[in-house]
Amino acid sequence: MELLQFVKQHISLSPELETLAMAAFKTEELAKGHQLLPPHNFSQKVFYLEKGIARTFYIKDGKDITHSFIPEATFFVSIESVFFNNPSPYGAEILENSVVRTIVYQDLEKYIDGSLALQKLSRLVMINAVKTFSDKLYSIQFQSAQERYNSMLEKFPDIMLRVPLGHIASYLGITQETLSRIRAGKV
């Protein structure tokens, strides 16, 4: 979903602010496999995934672990870097050809500070991010592998067609063999 369409779905902006804010975002077309951010980055950018799908990941004991999937019409940011001036343990990778809009957080903050509507949208985006992390924590602590798989399919219905199985298994915290058994109904 285009950024302007996303914004208009949630708030109303004056035509002048709409034009200024949208022009402040840089648009990039990125190919599948592009590493948007490496782990331990200090990125100060805010990203909006207009088209495609991406994932965040980290490296543990030399192994690449998928932390989350980022579907279209989603904002994301290296929270640790932007808000705490620490390196973010998470990298980001484009999983299919995508269109990404970016802006440096400090530049975006100037628009947010001057607009109650953008402050509202900013809160909504942050609340959704907190909810995503809360849901992930809940699934890790309280759900079986089968329940995590079912929840993932509810949240991302077409994920099996868009994302390599290794990333899906990693996201679920299971092996590819266990994922195959779950998919075959043998768990």
Side-chain angles (χ1 to χ4, degrees), residues 1-58 66-137 154-159 162-163 167 171:
M1 172 185 301
E2 288 186 15
L3 177 57
L4 183 56
Q5 185 182 357
F6 177 87
V7 169
K8 286 182 171 185
Q9 218 175 29
H10 300 285
I11 60 171
S12 293
L13 296 176
S14 69
E16 297 80 23
L17 182 55
E18 191 177 282
T19 301
L20 283 172
M22 292 306 114
F25 278 83
K26 179 181 169 191
T27 303
E28 297 179 82
E29 291 186 19
L30 302 172
K32 175 182 178 177
H34 177 81
Q35 190 176 81
L36 195 57
L37 296 170
H40 308 292
N41 69 79
F42 275 95
S43 175
Q44 295 296 304
K45 290 182 180 179
V46 174
F47 300 88
Y48 176 77
L49 191 60
E50 209 166 68
K51 177 184 173 207
I53 190 166
R55 73 180 181 115
T56 60
F57 67 97
Y58 59 95
T66 297
H67 178 258
S68 66
F69 293 112
I70 303 163
E72 295 166 338
T74 302
F75 280 96
F76 63 103
V77 63
S78 292
I79 294 168
E80 299 83 1
S81 299
V82 169
F83 298 107
F84 299 101
N85 201 32
N86 290 316
S88 172
Y90 306 107
E93 177 187 20
I94 300 298
L95 297 178
E96 62 185 24
N97 294 341
S98 298
V99 176
V100 179
R101 304 284 303 263
T102 60
I103 187 170
V104 173
Y105 179 75
Q106 288 179 330
D107 295 340
L108 179 60
E109 198 170 43
K110 292 173 191 170
Y111 293 104
I112 293 170
D113 287 346
S115 167
L116 290 175
L118 286 176
Q119 289 172 22
K120 177 184 172 186
L121 180 62
S122 167
R123 280 192 305 276
L124 175 68
V125 167
M126 291 298 184
I127 289 166
N128 285 335
V130 169
K131 176 72 168 118
T132 297
F133 284 118
S134 176
D135 290 347
K136 174 77 173 181
L137 182 60
E154 277 182 34
K155 188 171 183 173
F156 308 110
D158 61 350
I159 197 158
R162 300 175 78 184
V163 173
H167 293 326
Y171 169 77

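If you read the sequence from its start, that first residue is 1, and numbering goes on from there. All figures in this text were calculated on a predicted structure; none of them were measured in a lab.
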Return all side-chain donor-acceptor pairs below 3.5 angstrom for residues 95-108, not counting sequence neighbours, or 'none' if the list is empty.
unit_1: E96; atom_1: OE1; unit_2: R162; atom_2: NE; d: 3.3
unit_1: E96; atom_1: OE2; unit_2: R162; atom_2: NE; d: 3.1
unit_1: E96; atom_1: OE2; unit_2: R162; atom_2: NH2; d: 2.4
unit_1: N97; atom_1: OD1; unit_2: K32; atom_2: N; d: 2.9
unit_1: S98; atom_1: OG; unit_2: K51; atom_2: O; d: 3.4
unit_1: S98; atom_1: OG; unit_2: E96; atom_2: O; d: 2.5
unit_1: R101; atom_1: NE; unit_2: T27; atom_2: OG1; d: 2.9
unit_1: R101; atom_1: NH1; unit_2: E50; atom_2: OE2; d: 3.4
unit_1: R101; atom_1: NH2; unit_2: M22; atom_2: O; d: 2.8
unit_1: Y105; atom_1: OH; unit_2: E109; atom_2: OE2; d: 3.3

Sequence neighbours excluded, which residues qualify as ring pair (Phe, Tyr, Trp, His ring centres under 6.0 Å) partners of [X]?
X    : result
H167 : none
Y111 : none
F42  : none
Y48  : F6, F75

Side chains of T56 and S68: donor-acceptor distance under 3.5 Å anywhere?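 Yes - a donor-acceptor pair under 3.5 Å links their side chains.
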Output every pair passing salt bridge (charged side-chain N to carboxylate O under 4.0 Å, His left out) with a member in [range], not counting sequence neighbours, ordered by first then second residue.
range            : value
residues 75-91   : none
residues 35-49   : none
residues 3-25    : K8-E18
residues 117-133 : K131-D135

So do [Y] and [X] actually touch side chain to side chain, heavy atoms under 4.5 Å?
X   : Y    : answer
N41 : Q35  : no
I70 : F47  : no
H10 : L124 : yes

So, using side chain to side chain contact (heavy atoms under 4.5 Å, CB included) as the criterion, who are the partners of [X] when residues are at least two apart?
X    : answer
Q5   : M1, E2
S115 : L13, L17, A117, L118
Y58  : K60, I65, H67, Y90

Could you give me the CA-CA distance, side-chain angles and deciding distance for K110 and D113, then say whether side chain to side chain contact (heavy atoms under 4.5 Å, CB included) is met? CA-CA 5 Å; K110 292 173 191 170; D113 287 346; 5.9 Å; no
So, taking the atom named [atom1] in [X] and the one named [atom2] in [Y], what distance separates them when rounded to the nearest 0.5 Å?
X    : Y    : atom1 : atom2 : answer
L49  : F69  : CG    : CZ    : 13.0 Å
L36  : E93  : CG    : CD    : 10.0 Å
I79  : S43  : CD1   : OG    : 12.0 Å
I127 : S134 : CD1   : OG    : 12.5 Å
L37  : I94  : CG    : CD1   : 9.0 Å

Does E28, at its CD atom, have more than 12 non-hydrogen atoms belonging to other residues, nucleotides or ligands within less than 6.0 Å?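 Count over threshold, so yes.
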Taking everything shown except F84 itself, do over 12 heavy atoms lie less than 6.0 Å from its CZ?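 Check fails, neighbour count at 12 or below.
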How far apart are the closest heavy atoms of P39 and F57, and which atoms are they?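 Taking every non-hydrogen atom into account, CG-CE1, 3.5 Å.
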